[in-house]
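Written below as structure tokens is the structure these notes are about.
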Amino acid sequence: IQRAFLTPFSFSDSSTFQSIGREVQLRYGWGQHDNVTQQDGLFVSDRSIVGVELKLGSSSWPIQILKYAALFAWEEMHSGPREHVGLLYIVPENALSTHWKSCGLKGPDINASFLDSFSGTDLPAYLAKFLAENRHQLATLLDRLQLAAISWKDFRSSLCTFRDDQDVRTPGGQTLCRLVNGLVAQIDVHKGVGIESELSPLRSNTFS
């Protein structure tokens with residue numbers, strides 16, 4: 001998690017992370033039938049909360065940041081405040097230059113004034129309700145939130161570097177190498193990632 005998702009931020013956290021998926025429904029008391037939101041990635045530790053949004057073709061937009069901010073606020077209300085909170089976008093390289101503008105920002109800096117961009121009528125019902133009832137928590141979180149964006153090409157490169165650092169003489173190193181190779185292979189065959197330059201080869205899955 002540190003090498004793949006935290007490097008673009010100004011903070012580091014080498015502690016143990018938990019990956020949270022669809023269990024957010026019950027974790028935050030939304031109810032099994034509530035259509036709230038579904039994050040691409042949510043990783044929490046005792047010190048940090050990090051969200052990851054994967055973009056393959058669709059544009060980013062301001063409400064998406066607010067959705068993640070609300071998700072992070074829910075997590076802090078559930079398990080306590082964190083020292084670090086970050087949202088990482090992974091986007092096609094040709095989208096990097098316009099990414100923050102499409103999010104309604106001039107750059108990756110954000111603060112509580114971001115909330116002034118929204119009215120209740122702009123938002124999904126659950127988000128409008130959460131903003132009305134928890135505006136202070138959201139404002140406080142936005143003042144602490146760090147944003148970052150990297151390209152799929154950069155992400156792939158970081159995975160390959162991490163993979164090549166593994167000691168394949170050990171079972172653990174071999175397992176990590178295979179897992180990363182699998183992810184890299186999926187990135188390579190997906191047209192939406194926007195990687196057009198020559199790719200570094202996969203590391204062999206055959207270990208002596």
Side-chain angles (χ1 to χ4, degrees), residues 1-9 13 15-92 99 103 110 118 122-134 137-138 140-142 144-150 152 155-156 158-159 162 175-176 178-187 189-193:
I1 302 301
Q2 167 66 33
R3 292 278 294 272
F5 301 132
L6 269 63
T7 301
F9 298 107
D13 185 352
S15 57
T16 300
F17 277 85
Q18 176 186 2
S19 175
I20 301 175
R22 293 188 179 277
E23 63 268 29
V24 291
Q25 295 282 113
L26 296 178
R27 185 179 181 90
Y28 305 142
W30 294 345
Q32 293 182 339
H33 304 293
D34 290 346
N35 182 19
V36 181
T37 189
Q38 181 57 50
Q39 71 284 358
D40 288 338
L42 179 62
F43 304 93
V44 301
S45 74
D46 290 340
R47 296 178 57 204
S48 308
I49 305 173
V50 177
V52 179
E53 175 67 16
L54 309 177
K55 307 302 292 187
L56 294 167
S58 61
S59 299
S60 301
W61 65 97
I63 290 178
Q64 201 165 58
I65 293 179
L66 191 62
K67 286 182 177 181
Y68 274 94
L71 191 65
F72 300 157
W74 259 305
E75 177 59 34
E76 290 197 331
M77 292 163 65
H78 171 77
S79 59
R82 301 304 205 281
E83 181 181 356
H84 307 299
V85 186
L87 172 58
L88 175 66
Y89 284 87
I90 304 178
V91 306
H99 172 73
C103 292
I110 194 169
F118 305 98
D122 297 329
L123 303 173
Y126 82 91
L127 201 52
K129 182 175 185 291
F130 187 81
L131 176 58
E133 296 177 352
N134 302 277
Q137 285 90 337
L138 272 174
T140 300
L141 189 138
L142 286 168
R144 294 182 287 122
L145 179 62
Q146 291 191 34
L147 300 174
I150 61 172
W152 280 99
F155 180 55
R156 184 191 189 279
S158 72
L159 290 173
F162 174 76
T175 299
L176 275 173
R178 290 189 180 99
L179 288 170
V180 174
N181 268 349
L183 179 52
V184 170
Q186 289 300 306
I187 292 173
V189 299
H190 203 298
K191 295 180 180 179
V193 300

Check your understanding: Okay, side chain of Glu76, backbone of Arg82: is any donor-acceptor separation there less than 3.5 Å?
Key -> yes
Exercise for review: List the steps and the verdict of side-chain contact (heavy atoms from CB on, under 4.5 Å) for Val184 and Arg156.
Suggested key: CA-CA 6 Å; Val184 170; Arg156 184 191 189 279; 3.4 Å; yes
Check your understanding: Can you tell me how far CD1 of Ile110 sits from CG of Leu142, rounded to the nearest 0.5 angstrom?
Key -> 5.0 Å
Practice item. To the nearest 0.5 Å, tell me how far Lys129 NZ sits from Asn134 CG. Key: 8.5 Å
Point to revise | Heavy-atom side-chain proximity of Leu159 to Ile187 below 4.5 angstrom | key: yes
Check your understanding: Which atom names give the shortest non-hydrogen contact between Val52 and Asp40, and what distance separates them?
Key -> O-CB, 3.1 Å
**Study point:** Nearest non-hydrogen partners of Ile150 and Leu88, listed with the distance
**Key:** CG1-CD1, 4.2 Å
Review point. Relative to the ring of Phe130, is the ring of Trp74 parallel (under 30°), tilted (30 to 60°) or perpendicular (over 60°)?
Key: tilted
Review point. Is the closest side-chain heavy-atom distance between Phe162 and Leu176 below 4.5 Å?
Key: yes
For residues 59-66, which side-chain donor-acceptor pairs fall under 3.5 Å, sequence neighbours excluded?
unit_1 : atom_1 : unit_2 : atom_2 : d
Ser60  : OG     : His99  : ND1    : 3.3
Gln64  : NE2    : Glu53  : OE2    : 2.9

Check your understanding: Do side-chain atoms of Thr7 reach the backbone of Gln2 as a donor and acceptor pair under 3.5 angstrom?
Key -> yes
Review point. Can you name the closest pair of heavy atoms from Cys103 and Tyr89 and give their distance?
Key: SG-OH, 4.1 Å
Practice item. Using a 4.5 Å cut-off on heavy atoms from C-beta on, say whether the side chain of Tyr68 contacts that of Leu42. Key: no
Revision key, fill the gap. Shortest non-hydrogen pair, Phe9 vs Ala148, comes out as CE2-CB, 3.7 Å
Exercise for review: Could you tell me whether the side chain of Glu75 and the main chain of Ala73 form a donor-acceptor pair under 3.5 Å?
Suggested key: no
Study note, to complete from the structure: Applying ring-ring contact (aromatic ring centres under 6.0 Å, His included) to Phe5 and not counting sequence neighbours gives Phe43, Phe155
Point to revise | Close side-chain approach of Trp152 and His190, heavy atoms under 4.5 Å | key: no
Check your understanding: Between Gln39 (side chain) and Ile20 (backbone), is there a donor-acceptor pair under 3.5 Å?
Key -> yes
Practice item. Could you pull out all residues at least two apart from Arg47 that satisfy salt bridge (charged side-chain N to carboxylate O under 4.0 Å, His left out)? Key: Asp13, Glu83
Practice item. Taking all heavy atoms of Leu87 and all of Phe72, pick out the closest pair and write down the distance. Key: CB-CE1, 4.2 Å
Check your understanding: Do the non-hydrogen side-chain atoms of Tyr126 and Lys67 ever get within less than 4.5 Å of each other?
Key -> yes
